[in-house]
Amino acid sequence: MSAYVIFLLNKHWYTARGKLSLPPNWIGHSLNSPVLNGNLGPKMEAFQLLSRGGANFDKNRFKNDVKLFSKPKAMTPKGKLWSQPLEGELPLELDFFKYAQGGSGKRKTFDTLESGDEPKGKKRKMEEEDVRVDDESDFGLEEAPAIAKQRVTTRGTNVPVHINTFLELKDRYQIPTHIISNLSQHGYTQPTGIQSYGIPILLESRDLAAISPTGTGKTLSYLVPVLASLGTPASSAKSDTGSGVRAIVIAPTRELAHQIYNECLKLAQGRKWRVVLFSKATASTLADKSVRDKVDIIISTPLRLVTSLQSGKLELGNVRHLILDEADRMLDVEFLPQMEEIFASCTHPQIQKAVFSATLPAGAEKIAMGILHDPIRVVVGLKDTPLPLISQSLTYVADDPSKLPSLLTYLAQPYNPPVLIFTSSQPRATSLAEELVLNGIPNVDCLHAGLSQKEREDAVSRMRRGESWVMVSTEVMARGMDFKGVREVINYDFPTSIQSYVHRIGRTGRAGREGKAVTFFTDEDGPFLKSIANVLLQSGSPVPEWILKLPKPSKMKRKTMGKVKRPESINPARRVGRSDAIKKRDMIAGSKRRKDKAETKTSGSKSQVSGVDA
DNA sequence: AAAAAAC
C-alpha cells in the first residue's frame, strides 16, 4: 500500500484494485484535517487529482488547499493515463462496468444490427494501448477469474452431453459462426457451468429448469441457443418462419429486461435480428402488423406483454421459445395470473419453454414443472445458496435509529465502491440516500420503482459508468442486475426472505470475482436471523455460535418473516424542508419530487406570515 | 410486507 494508483477519467475516479480506493474519509476534509495526518505524498497527488475535477469536489471550500498544490506541473510520463479518453468510453481494463450503455437516450424502434455496423468494442480496443499502470498486478481483480468448478447435477430423460468449449457448438449443432465470434469478441471464452449444460439442452429443443447461482452467466445460456435456433432473421427473404415474434424473454423488472436486451444485441451483432425491448413506445409501433411480423425476439416485463395482448396488438401464436428469467419471481402470486395469460397465448405446438433462476423454492418449482414439458432440471452448486466467493457477515444494530450511525461509521472507513445498499421501501431508500448526502458521503445515488422511467434509466447508467459510489435501492435491484464493479452489498434493512437475501448479495461476487456482503439486523429481526445465518453457514461464511443456538422461529413468526414495520424516514429528527445541501447537490434522482414539496413549503411560509393561519 | 409489473 505504498502507492495509490488513481485514475481520473472523464472526471470520475477509478482505482486499479478493489482493495483500496481513495479512502472516502479524505473527501470533504481539508488537508490540514487530522484525517489526513501523516505522509502527504500520495494524498497530495490524490488531492490534486480531486481538485482537477473530482465529481463532487467543492473547489471553493478548499480554495487554500488547491492553491497550496496547484503549481503548474508538467504532464508526467504517466499523464497519458488520464488524458482524454474517448468521450463516454473507458479503457478496456477499466471497463468493469460492462454494459456502459445503460438506458440512455432515445432509441430506434428496432435496434437492428446490420452487418456493416461497427462493433462497439473497437474504440475501446484502441484505447487499450494507451493505458500504463505502475503495478500491473493491480488489475488482477478486474480480470474475470476462471469460475471455480461447481458441481452440476441434472435430472430428466436423455440429457444431452454438455460442452466444454463454445467451439464445440459449431461442430455439434452447426450454430452460426458469428454467434461464436460475438461471444469471444465480448470476452466470453469459456462456458460457465450452466452454459455448458444448458445450451446443448436448449439447442436440442428440450424444456429446461435451470438453477445456477447469481452471476454465473444464466442470460447467455438461453440467449445463445435461442438466437442460434431462430436460424434466419424474419426479415430475410428466404425465411419460412411463420409470421409473428418467435422468441420471448420475460423478466421481473424493466432494468433487468433492458440488461438482457443489451446482452442480446451483443450476441446478435452482424445479423439483421430484430430484437425489441418492449416498452410503451415499442408497443405502439408494433401496432402495425407488418412491422410486428418482422420481429424475432421480444424482451419484456409481464404486465407490459399482457397489456398488449389484451388490446389485441400482439399475438404470441408463433412463439417457439419462451424464457422466464428469475423464474421463481415470475411464478409467485403477484405475477402468476399474468404469466398464465401469457402461457395461454403461446399456442404454437412446438413451443420450447425454459425457466432460469438462482433460487427456486419448492412451490415455484412445482408450478414450473407443471408448465414445462418433459423438462430437464439442471442445478449448479447448491440450490438457494449464494456463491462462496461472497464473504458474508451479520452486524447487530439494536434498532432502527441505530442503523444510520452504524452505516456512517462503516462508510467512514475505507470501503470498496461502488457499494449497493438495500432498504425495505421506496421512501426509506430516498430518505437514506438523502441522509448519506447530508453526511458528506460522496456520489450517493438512489434507485427505486417510484422514480420516473428516465430517472431510473439515468441512475442505472450512472451506476454502469461507475459514477455512483453508494447506490441506495429497493428490491428492484435485487435480482439479475449485473454491475460487474459492485464489491460490497449492505442490507440496511433485513431481507424479507432467503431468496431475497441470496439475490441481493448476489449483486456482488459476479463472474468469479470476490464480493462482500454485510447484513444489519435489529432486535426485531431476531426471529428470522437464524434462517439467514444458515444460508451463510451453507456457503462457507462464519456465523457466531450464539446465532446458531437461537431457537427455530415458530410457525407463526416464520409466516410473518420480514413483516417488520419500519419508519419511512431514516432520520425522523431531521425536519423536511431543510435540504439546502440537497438543492445544491442535485444528485439524488429520487429527491426531486420531495424537493419540490419542500420548496412549496418554504415559499408557503411567506403566506403563513401574512395569513397567520386562517 | 413491500416491491414490482401498465396505462
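Here is how names work: the chains are called A, B, and so on, in the same order as the sequence lines, proteins then strands, and each is numbered from 1. Only this structure's heavy atoms are used, side chains among them; waters, hydrogens and symmetry mates stay out.
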Using the six-membered ring wherever Trp is involved, compare the ring planes of A:Tyr492 and A:Phe520 and label them parallel, tilted or perpendicular (cut-offs 30° and 60°). tilted

Looking at [N], I'd like to know if its phosphate oxygens (OP1 or OP2) sit under 4.0 Å from a side-chain N or O belonging to [X].
X: A:Thr301; N: B:dA4; answer: no
X: A:Arg479; N: B:dA5; answer: no
X: A:Thr474; N: B:dA4; answer: yes

For A:Pro302, answer base if it contacts any base atom (sugar-phosphate contacts may also be present), sugar-phosphate if it contacts only those atoms, and nothing otherwise; contact means non-hydrogen atoms under 4.0 Å. nothing

The test is side chain to side chain contact (heavy atoms under 4.5 Å, CB included); show your working for A:Tyr410 and A:Ile490 and say whether it passes. CA-CA 10 Å; A:Tyr410 184 92; A:Ile490 299 173; 3.6 Å; yes

State whether the distance check finds a donor on one side and an acceptor on the other, under 3.5 Å, for side chain [X] versus base [N].
X: A:Glu334; N: B:dA3; value: yes
X: A:Gln338; N: B:dA6; value: no
X: A:Arg254; N: B:dA4; value: no

May I ask you to decide whether A:Lys454 forms a salt bridge with A:Asp458, counting only side-chain N to carboxylate O separations under 4.0 Å? yes

Flag the pair A:Arg566 and A:Asp493 as a salt bridge only when some basic side-chain nitrogen lies within less than 4.0 angstrom of an acidic carboxylate oxygen. yes

Nucleotide [N], atom [atom2] - distance to [atom1] of [X] in whole Å:
X: A:Arg329; N: B:dA2; atom1: CZ; atom2: P; result: 14 Å
X: A:Met330; N: B:dA5; atom1: CE; atom2: P; result: 10 Å
X: A:Leu309; N: B:dA6; atom1: CG; atom2: P; result: 13 Å
X: A:Met477; N: B:dA5; atom1: CE; atom2: P; result: 12 Å
X: A:Asp325; N: B:dA4; atom1: CG; atom2: P; result: 18 Å
X: A:Ile342; N: B:dA5; atom1: CD1; atom2: C1'; result: 10 Å

Side chain of A:Thr253 only, please: which of B:dA3, B:dA5, B:dA6 is the nearest? B:dA5

State which of B:dA4, B:dA5, B:dA1 makes the closest approach to the side chain of A:Lys565. B:dA1

Any side-chain donor near an acceptor of the partner, A:Tyr222 and A:Gln195, under 3.5 Å: no

